[in-house]
Amino acid sequence: MLLDKNAIEKIVSKIDEEKPLSGVISVIQQNHTVFNQAYGFANRSEKINNNIHTKFGMASGCKGFTAVAIAQLVEKGLLRFNSLLKEYVDIPNLDEAITIEHLLTHSSGVPDYFDEEVMKDYSELWLEKPMYTMKKPSDFMYFIKNRPMDFKPGSSFKYNNTGFIILGIVIEKITGISFTEYVQKNILEPCGMDSTGYFYMNRLPENTAYGYLEDEQGGWEANIYSIPIVGGPDGGAFTTVMDMTKFWKALIGNKLLSQEITKTMLTPQIHVEEEVFYGYGIWINKREDKILKYHLMGGDPGVSFRSSYYPELALEITVLSNKEYGGYVVTKAIEKYLGI
């Protein structure tokens, strides 16, 4: 089914009228841009509008970058998916049976530094340890010291940020460079993702949107004190809709990894619920035993991100938002129109 621009515009306009959007929405099918539109403000104080080139926070959406980085090290023979974590790093109180694959599939059982089943407000973390001190993956180990495992490795799925932080530590240990430097040189630059990066909150580059949270009085405040000062292996990079198109093309087209390793990464590795699975750093939805979509998603204070690729339709839907609203509702509305 080929999408109609007017139909998509009508769907998005209705959502925007009910609850104003802030961000950029891109729909691309068969390498043709069907819809690409910006909404709201990148900077509310200065009334600077978002535009189609504006950079937005990805939150956990960039866990996919971390997974690609690990897969590249596997391809180079520097690591194995079934390698034991203890072969590379020593972190107290963690089960010695944890493998790299357990970390990639949220099945390791390591305690999460931000357990969404216990804490609702991510910004509460920084009352104990200031967000401006969180500059490298190892800084997050402070939050799990002396905490027991949640469950036996491989016995369950539980979405986990700490697992990806640890993967970042492994990458740094093997390569001898910082996690963000590795991703920049081996993923972003080869993809031509010139507008994507792990930017410091206190020196965001030009044309980057501040994330905004609505307060109890109906006003808006920037998220600069609500998330780590710089992103890392579990999330926090910034990107544009056009750069996400470059990422999907490179990943699906085996430009970042060999065909064999790409297939492994995009194969459902663990069952989450009903028709939802998880590969390596990528969410996967199946329908009638076929792959419906691969997607990356994330949410932080002031951030809503979702980027999906539908192989059967050669379709890509990316929604970047600098509010805690937009990614899910827009994607689901377009999927409903498509009957999927």
Side-chain angles (χ1 to χ4, degrees), residues 9 12-27 33 35-62 121-127 130-135 180 184 188 193-232 235-246 297-307 317-331:
E9 190 165 21
V12 177
S13 294
K14 183 179 179 182
I15 294 171
D16 186 44
E17 289 172 5
E18 294 174 352
K19 188 173 182 179
L21 296 166
S22 185
V24 178
I25 299 166
S26 173
V27 180
T33 299
F35 185 82
N36 194 10
Q37 182 66 47
Y39 300 81
F41 294 111
N43 185 317
R44 287 177 173 268
S45 299
E46 303 294 332
K47 298 193 183 320
I48 299 173
N49 291 317
N50 284 316
N51 60 73
I52 60 173
H53 301 288
T54 301
K55 308 171 188 70
F56 293 86
M58 299 177 67
S60 290
C62 56
D121 186 358
Y122 188 54
S123 60
E124 289 180 9
L125 284 170
W126 321 127
L127 298 175
M131 48 71 64
Y132 54 79
T133 65
M134 311 306 293
K135 298 180 179 180
T180 54
Q184 181 67 40
L188 304 184
M193 298 171 70
D194 300 331
S195 296
T196 301
Y198 296 84
F199 309 137
Y200 275 74
M201 296 296 291
N202 60 348
R203 50 176 187 266
L204 293 176
E206 183 181 2
N207 201 18
T208 301
Y210 286 99
Y212 286 96
L213 302 89
E214 191 169 10
D215 61 30
E216 295 178 356
Q217 289 73 43
W220 296 91
E221 61 181 46
N223 67 350
I224 56 175
Y225 299 118
S226 301
I227 57 180
I229 193 168
V230 64
F238 288 79
T239 194
T240 65
V241 291
M242 294 172 187
D243 272 8
M244 285 311 302
T245 294
K246 294 175 183 178
M297 61 180 177
D300 269 343
V303 178
S304 175
F305 170 91
R306 187 166 290 228
S307 186
I317 302 173
T318 295
V319 184
L320 309 181
S321 175
N322 58 331
K323 291 168 57 175
E324 297 175 13
Y325 171 80
Y328 175 83
V329 66
V330 171
T331 302

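For the atom pair OG (S195) and CD (E206), the distance works out to 10.5 Å, reported to the nearest 0.5 Å. Distance check, rounded to the nearest 0.5 Å: CZ of R203 to CD1 of I229 gives 7.5 Å. Taken to the nearest 0.5 Å, the OH atom of Y212 stands 9.0 Å off from the CG atom of N223. Atom OG1 of T196 is separated from atom CZ of F238 by 11.0 Å, given to the nearest 0.5 angstrom. Residue N50 holds its CG atom at 4.5 Å from OG of S22, rounded to the nearest 0.5 Å. Separation of atoms CG (L21) and CD (Q37) is listed at 10.5 Å; rounding is to 0.5 Å.
The minimum heavy-atom distance linking S321 with F56 is given by the pair C-CD2, 4.0 Å. Here the closest non-hydrogen pair linking Y325 and I15 is OH-CG2, 3.5 Å. Of all heavy-atom pairs spanning G299 and A59, the tightest one is N-CB, 3.4 Å. Between F305 and G57 the shortest heavy-atom distance is CB-O, 4.1 Å. The two residues N322 and A42 come nearest to each other via the heavy atoms ND2-CA, 3.9 Å. The two residues Y200 and K135 have their closest heavy-atom pair at OH-CB, 4.2 Å.
Remark: side-chain polar atoms of N43 are not paired, donor with acceptor, to backbone N or O of K47 under 3.5 angstrom. The backbone N or O of G327 sits less than 3.5 Å from a side-chain atom of T331, completing a donor-acceptor pair. Put simply, the side chain of E324 gets close to the backbone of G302: a donor and an acceptor are under 3.5 Å apart. No donor-acceptor pair under 3.5 Å is formed between the side chain of T239 and the backbone N or O of D243. Under the 3.5 Å distance criterion, the side-chain polar atoms of K246 are left unmatched by any main-chain donor or acceptor of D194. Distance alone, capped at 3.5 Å, is enough to place a donor-acceptor pair between the D215 side chain and the G218 backbone.
The closest side-chain heavy-atom distance from I317 to S26 is not below 4.5 Å. When side chains are defined from C-beta on, K55 counts as touching N207, because their heavy atoms get closer than 4.5 Å. Residues M242 and I52 are in side-chain contact: their nearest non-hydrogen atoms beyond the backbone lie under 4.5 Å apart.
Within 6.0 Å of OH on Y210 lie no more than 12 heavy atoms contributed by other residues, nucleotides or ligands. The environment of Y132 atom OH is sparse: at most 12 non-hydrogen atoms of other residues, nucleotides or ligands sit within 6.0 angstrom.
With a 6.0 Å cutoff to the six-membered ring centre and a 45° limit on the axis angle, R306 does not count as a cation-pi contact of Y328. Figure legend: cation-pi geometry between R44 and F41 absent, as NZ or CZ is not positioned both under 6.0 Å from the six-membered ring centre and within 45° of its axis.
Using modelled atom types, one finds no donor on one side chain facing an acceptor on the other under 3.5 Å when comparing S123 with S226.
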Test log, rule side chain to side chain contact (heavy atoms under 4.5 Å, CB included), inputs M244 and M58: CA-CA 10 Å; M244 285 311 302; M58 299 177 67; 3.9 Å; yes
After noting the C-alpha distance and the side-chain angles of M201 and Y225, does the key distance pass the side chain to side chain contact (heavy atoms under 4.5 Å, CB included) rule? CA-CA 9 Å; M201 296 296 291; Y225 299 118; over 6 Å; no
Apply side chain to side chain contact (heavy atoms under 4.5 Å, CB included) to residues K323 and Y39 and explain how you reach the verdict. CA-CA 11 Å; K323 291 168 57 175; Y39 300 81; over 6 Å; no
Verify side chain to side chain contact (heavy atoms under 4.5 Å, CB included) between N36 and V241, making sure each step is shown before the conclusion. CA-CA 9 Å; N36 194 10; V241 291; 3.9 Å; yes
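Shown are V12, V27, I25; of these, the side-chain contact (heavy atoms from CB on, under 4.5 Å) with V319 is made only by I25.
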